[in-house]
> 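My questions all concern the structure below.
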Amino acid sequence: MSQAQAVAHHIALTLPDGKVKKFDTTPTGADLAAAIGPSLAKAAVAVRVDGEYRDLLRPIEQDAKVEIVTRTSEYGLEMIRHDCAHVMAEAVQELFPGTQVTLGPNIDNGFYYDFYREQPFTPDDLSKIEAKMREIIARDAKLTREVWTRDAAISFFKARGETFKVEIIKDLPEGETITIYRQGQWLDLCRGPHMPSVGKVGTAFKLMKVAGAYWRGDAKNPMLQRIYGTAWRDQKELDLYLHQLEEAEKRDHRKLGREMHLFHQQDEAAGSVFWHPRGWTLYRTLEGFVRSRIENDGYVEVKTPQLYDSSLFKASGHWDLYGDNMFKVQADNGEKWLGIKPMNCPAHVQIFKQGLKSYRDLPIRMAEFGACHRNEPSGALHGIMRVRAFTQDDAHIFCRADQITEESLRYFKLQLGVYEDLGFKRESIKVKLALRPGPEKRVGDDALWDRAEEGLRQSLRTAGLEFEELPEEGAFYGPKVEFHLIDAIGRSWQCGTLQLDFNLPERLDADYVGEDSARHRPVMLHRAILGSLERFIAILIEHHAGKFPLWLAPVQVVVVGVTNEADGYVVEVAATLKVAGLRVETDTRNEKIGYKIREHSLQKIPVLAVVGMRDAEGKTVVLRRLGSEEQQTLSLTDAAKMLAEEAKRP
RNA sequence: GCUGCAGUAGCUCAGGGGUAGAGCAACUGAUUCGUAAUCAGUAGGUCGUAGGUUCAAUUCCCACCUGCAGCACCA
């Protein structure tokens, strides 16, 4: 646009390949792209100047390392989505005058924009908005950047009744350049950069859903309406994404849980799970696996009560901080309040406190498959991922301060080993370090928090784990490391956790006798590998799309008879496989073989052993694996031996 | 908890002011078959619950319950 002012000196721009382009006048990114080639000039949507992304038409005033950003690049896609959000906001304000705009950032696979409007947007409105967006994109208005003064921006938006926008501007840090992006008649406050014109957004976008969202993420604030959209470079990419979403829905644990007869849930027990025989087999297999691992790792297992007098939770701090989310029971004609345990830690401290402990006893690694109840808000419930009744594979490690690092490292090793054996690759596990919450939400003094946070940070580094720090997300008694896994549609769930706690031993008065024969406070490490068995099984179902590895599959083999003549042999085969330790069922129904194969395949049975009269005579079985059409004929003895070997727990 | 949407047969879903329909599953019979759906027949529902409007409600209205999506929460 306006690079009219010639400057005295040359400007040298260095391209990624090392070549240098020189300009006599102040160039823009567009000039640069044109100087490189006409096709690039056409494809360019932005320019990166010394690492900073900028509008194509902004003058580049100094020598710099530069890179042309095209629509097809990763950043180009980000720009498509962000521009698309602006187009959506324009469409909404054109269609629904009086609607206020607030913020509209990019997210994974798309974008959203939050609006304030009394009347709700209906799904029908979404298609209207989408149509209007296509109109706006077809108009292809130029997108231009303007720098405004704070006062000008405030009075402009105030005059328009955009109170949320005014608040945003007022909160911008002092000295921040306030930029406005104009597209035709419409404009928005935005940091940018944007593509040269709205037409570059293209047509490969779709509005997905409307949902409520609190202004500034605070439940005390008014609720805005958030419209989510997805946008891609071309229709092919969009179709692929929508197809992936459809595929992901097929992995949903709620759907597979029902179809595979694993569990069900019902209104009368909202937030709880009815485990069916197959699901409970899966549950017990997983529990047994973890139990064997922790037994090998020096844990002792305990079982503690469900109900406690409120005094215990008052002492621990849970009653005050989480009382609203606990199930409470009145007892002794209302003279007493009991609480159903929402976690196991105070109970484990009670066991620790029985008898005098010496420094020689530490560390004590006390584990429990502890059933807990939390009165989760109704909107938080989600299948069996977030429930009100769940079982943690919980443990508390009571140790001395000098054992923290060693114990943390030991836990990391155990935890990653378990995940690996359950089929999770390292890159699908996200590690986070949640730091101290606000003062009103935590107990203990700052020096303790400093020590605890630094302790975990060091352990993570020593373990060589990459992690993200989350300020203000820690537990009330200590910071925590979280191991997150991803569900079918990309939502991240905390599963394993390690929490360092200097506070509960103090509040619950736990101590041990040290070398100096004085009393000391132990440190508590709260840890869970799977987290909640319920949630982990949900993740496991979605991760494997129901196709469990043989050792985990609730039914490992179905022996399918070809004709009823072979029924006797079917029973014999099943008996032999059972003796070999396999979980086996038979299918002697009077149905065609293809029908039975189809049905058991849909049930995701890993191995089908098909036998007819030929096999009965030769004492053979024909194995068919899930997902393969191959047939493997073996002697019954060999098949039993081989499958038993394959089904061994890792 | 908040905003929006939804709840019809075991499952997936259609319908709509005059007390409901399909496919699959189930059951019965025939068929005895060699690797992803054999054929025929039968049965199955207080249309989430409770009120209201109406001659008449599963349909419209209200409340509640539950679920879904997101937000908030997650010891």
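Each chain gets a letter, A, B and so on, in the order its sequence line appears, and its residues count up from 1.
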> Does B:U66 pair with anything, Watson-Crick or G-U wobble, both distances under 3.5 Å, and if so, with which nucleotide?
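Result: B:A6.
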> What interatomic distance, in whole Å, is found between P of B:U38 and the corresponding atom of B:G1?
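The answer is 48 Å between these two P atoms.
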> Go ahead and name the base partner of B:G21; Watson-Crick or wobble counts if both distances stay under 3.5 Å, otherwise write none.
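B:G21 is paired with B:C13.
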> With a non-hydrogen cut-off below 4.0 angstrom, is A:H382 in contact with a base, only sugar-phosphate, or nothing?
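Here A:H382 touches the backbone only, sparing every base.
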> For A:R521 and A:D509: C-alpha separation, side-chain torsions, deciding distance, then whether salt bridge (Lys or Arg N to Asp or Glu O under 4.0 Å) applies.
CA-CA 8 Å; A:R521 291 286 175 218; A:D509 194 27; 2.9 Å; yes
> Considering every strand and a 4.0 Å limit on heavy-atom distances, what is the contact class for A:M613: base, sugar-phosphate, or nothing?
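The answer is base, as A:M613 lies within the cut-off (heavy atoms under 4.0 Å) of a base atom.
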> A quick test of your reading: do over 12 heavy atoms of other residues, nucleotides or ligands sit less than 6.0 Å from NZ of A:K441?
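Check fails, neighbour count at 12 or below.
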> Nearest nucleotide by nearest heavy atom, which residue falls closer to the 5' end of RNA chain B, A:V210 or A:E268?
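Between the two, 5'-proximity favours A:E268.
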> Of the nucleotides B:A36, B:C73, B:U32, which one has an atom closest to the side chain of A:R598?
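Per side-chain heavy atoms of A:R598, the pick is B:A36.
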> Strictly by Watson-Crick or wobble contacts shorter than 3.5 Å, is anything paired with B:G1, and which nucleotide is it?
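Across all strands, the one nucleotide that pairs with B:G1 is B:C71.
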> Got more than 12 heavy atoms from elsewhere within 6.0 Å of NZ, A:K128?
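More than 12 within 6.0 Å, yes.
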> Provide the distance between the two C1' atoms, one in B:C74 and one in B:G15, to the nearest whole Å.
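Here B:C74 and B:G15 have their C1' atoms 42 Å from each other.
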> Base of B:G34, side chain of A:D615 - is there a donor-acceptor contact under 3.5 Å?
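Such a pair is found, so the answer is yes.
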> Nearest to the side chain of A:Y477 - B:A69, B:A75, B:C33?
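The answer is B:A75.
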> Is the count of non-hydrogen atoms from other residues, nucleotides or ligands lying under 6.0 Å from A:K328 atom NZ greater than 12?
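It does: A:K328 NZ has more than 12 such atoms within range.
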> Between B:A72, B:U32, B:G70, which nucleotide gets closest to the side-chain atoms of A:P377?
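From the listed options, B:A72 comes nearest.
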> Of the listed nucleotides (B:A75, B:C2, B:A72), which one gets closest to any side-chain atom of A:M223?
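Of B:A75, B:C2, B:A72, B:C2 is nearest to the side chain of A:M223.
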> Measuring from the side chain of A:L626 (C-beta onward, heavy atoms only), which nucleotide among B:A75, B:C33, B:A36 has the closest atom?
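Taking heavy atoms from C-beta onward, the closest nucleotide is B:A36.
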> For A:P120, answer base if it contacts any base atom (sugar-phosphate contacts may also be present), sugar-phosphate if it contacts only those atoms, and nothing otherwise; contact means non-hydrogen atoms under 4.0 Å.
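The answer is sugar-phosphate, as A:P120 gets under 4.0 Å only of primed atoms, P, OP1 or OP2.
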> Expressed as a whole number of Å, how far does the C1' atom of B:G44 sit from that of B:U28?
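Approximately 14 Å lies between the C1' atom of B:G44 and that of B:U28.
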> Which listed nucleotide (B:C2, B:U66, B:C68) is nearest to the side chain of A:R254?
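So the nucleotide nearest the side chain must be B:C68.
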> May I ask you to evaluate whether A:S378 reaches the phosphate of B:G1, defined as a side-chain N or O under 4.0 Å from OP1 or OP2?
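Yes.
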> Within this structure, what is the CD-to-C1' distance between A:Q225 and B:C5, rounded to whole angstrom?
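One finds 13 Å between C1' of B:C5 and CD of A:Q225, rounded.
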> Looking only at the aromatic ring of each residue, does the gap between the centers of A:H348 and A:F398 stay below 6.0 angstrom?
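Distance test on ring centres: not under 6.0 Å, no.
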> Using a 4.0 Å heavy-atom cut-off, does A:G561 contact any base of the nucleic acid, only the sugar-phosphate backbone, or nothing at all?
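A:G561: no heavy atom of the nucleic acid under 4.0 Å.
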> Verify the contact: side-chain N or O of A:K480 to OP1 or OP2 of B:A75, cut-off strictly under 4.0 Å; return yes or no.
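Indeed, a polar side-chain atom of A:K480 lies that close.
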> Under 4.0 Å between a side-chain N or O of A:R624 and OP1 or OP2 of B:A36?
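So the side-chain polar atoms of A:R624 do come within 4.0 Å of the phosphate oxygens OP1 or OP2 of B:A36, strictly under.
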> Could you check how far CG of A:D114 sits from C1' of B:G4, rounded to whole Å?
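The answer, rounded to whole Å, is 14 Å.
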> For A:Q499 and A:Y477, which I'm curious about, is there any donor-acceptor pair between the side chains at under 3.5 Å?
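A:Q499 vs A:Y477: donor-acceptor pair found between side chains.
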> Indicate, with yes or no, if the rings of A:H396 and A:H526 have centres closer together than 6.0 Å.
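Yes.
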> Start at the 5' end of RNA chain B and walk down; is the nucleotide closest to A:V622 or to A:H373 reached first?
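Comparing both residues, the 5'-ward one is A:V622.
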> Can you find a side-chain donor-acceptor pair between A:Q265 and A:S272 that sits under 3.5 Å?
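Distance-only check fails for A:Q265 and A:S272.
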> For B:C24 versus B:A72, give the span between their C1' atoms, rounded off to a whole number of Å.
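Taking atom C1' in both B:C24 and B:A72, they lie 41 Å apart.
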> Within the modelled atom types, does a donor on one side and an acceptor on the other bring the side chain of A:Y214 and the base of B:G1 under 3.5 Å apart?
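Per atom types, the contact qualifies.
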> Given B:A72, B:A75, B:U32, which nucleotide is nearest the side-chain atoms of A:N564?
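Taking heavy atoms from C-beta onward, the closest nucleotide is B:U32.
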> Work out how far the C1' atom of B:A25 is from that of B:A63, and round it to whole angstrom.
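Per the computed distance, 36 Å lies between those C1' atoms.
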> Starting at atom CZ of A:F502, determine the distance to atom P of B:A75, rounded to an integer number of angstrom.
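Spelled out: CZ on A:F502 to P on B:A75 is 19 Å.
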> Nearest of B:A75, B:A36, B:G70 to any side-chain atom of A:P342?
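Closest nucleotide to the A:P342 side chain: B:A75.
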> Does A:G594 reach a base, just sugar-phosphate, or nothing at all? Heavy atoms under 4.0 Å.
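Since only primed, P, OP1 and OP2 atoms lie under 4.0 Å of A:G594, the category is sugar-phosphate.
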> When we call it a touch if two heavy atoms are under 4.0 Å apart, what does A:L321 touch: a base, just sugar-phosphate, or nothing?
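The answer is nothing, as A:L321 stays clear of every strand by at least 4.0 Å.
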> How is A:G217 classified with respect to the nucleic acid when contacts are heavy atoms under 4.0 Å: base, sugar-phosphate, or nothing?
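Sugar-phosphate contact only.
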> Does any nucleotide pair with B:C60 by Watson-Crick or G-U wobble geometry, both distances under 3.5 Å, and what is it?
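Pairing partner, where one exists within any strand: B:G52.
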> Roughly how many Å is it from CG in A:D267 to C1' in B:A6, rounded to a whole number?
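Whole-Å distance recorded here is 13 Å.
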> Contact class for A:A475 (heavy atom, under 4.0 Å): base, sugar-phosphate, or nothing?
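Sugar-phosphate contact only.
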> Expressed in angstrom and rounded to an integer, what is the separation of A:W493 atom CH2 from B:C74 atom C1'?
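That distance rounds to 10 Å.
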> Just how far, in rounded Å, is P of B:A36 from CD of A:E591?
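Going from CD in A:E591 over to P in B:A36 covers 15 Å.
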> Considering only the P atoms, how many Å lie between B:U58 and B:G7, rounded to the nearest integer?
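It comes out at 15 Å once rounded to the nearest Å.
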> Could you give the distance separating B:G29 and B:G34 at their P atoms, to the nearest angstrom?
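Those two atoms are separated by 24 Å.
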> Is it true that A:Y411 and A:Q415 share a donor-acceptor pair across their side chains at a distance under 3.5 Å?
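Yes - a donor-acceptor pair under 3.5 Å links their side chains.
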> Can you tell me the pairing partner of B:G29 across any strand shown, Watson-Crick or G-U wobble, with both distances under 3.5 angstrom?
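Matched B:G29 with B:C39 under the 3.5 Å cut-off.
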> Counting the atoms with a prime plus P, OP1 and OP2 as sugar-phosphate, which does A:Y112 contact under 4.0 Å by heavy atoms, base, sugar-phosphate, or nothing?
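Here A:Y112 touches no strand at all.
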> Record whether the side chain of A:R386 comes under 3.5 Å of the base of B:C73 through a donor-acceptor pair of N or O atoms.
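Yes, the side chain and the base share a sub-3.5 Å donor-acceptor pair.
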> Measuring centre to centre across the rings, with the benzene-like ring taken for any Trp, is A:H276 within less than 6.0 Å of A:F263?
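No, ring centres 6.0 Å or more apart.
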> When you get a sec, tell me which of B:C71, B:A72, B:C33 is the closest nucleotide to the side chain of A:R226?
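Closest of the options to the side chain of A:R226: B:C71.
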> Considering every strand and a 4.0 Å limit on heavy-atom distances, what is the contact class for A:K209: base, sugar-phosphate, or nothing?
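If one applies the 4.0 Å heavy-atom cut-off, A:K209 turns out to touch the sugar-phosphate alone, with no base involved.
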> Check whether any side-chain nitrogen or oxygen of A:R491 sits under 4.0 Å from OP1 or OP2 of B:G70, and answer yes or no.
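Yes, because at least one side-chain N or O of A:R491 sits under 4.0 Å from OP1 or OP2 of B:G70.
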> Figure out the CG/P separation between A:D218 and B:U3, and round it to whole Å.
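These atoms are roughly 16 Å apart.
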> Quantified in whole Å, what is the P atom distance between nucleotide B:U53 and nucleotide B:C62?
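Taking atom P in both B:U53 and B:C62, they lie 15 Å apart.
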> Among B:C74, B:U35, B:G67, which is the nearest nucleotide to the side chain of A:R374?
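Per side-chain heavy atoms of A:R374, the pick is B:C74.
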> Atom CE of A:M385 to atom C1' of B:C73: distance rounded to whole Å?
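Roughly 18 Å, once rounded to whole Å.
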> Any strand is fair game: report the nucleotide pairing with B:U46 by Watson-Crick or G-U wobble, both distances under 3.5 Å, or none.
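Its partner is none (no Watson-Crick or G-U wobble pair with both distances under 3.5 Å).
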> For a quick test of reading the model: is some side-chain N or O of A:R258 closer than 4.0 Å to OP1 or OP2 of B:U12?
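Checking B:U12 against A:R258, a side-chain N or O does come within under 4.0 Å of OP1 or OP2.
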> Counting only side-chain N and O atoms of A:Y595, is one of them less than 4.0 Å from OP1 or OP2 of B:A25?
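Answer is yes, contact under 4.0 Å.
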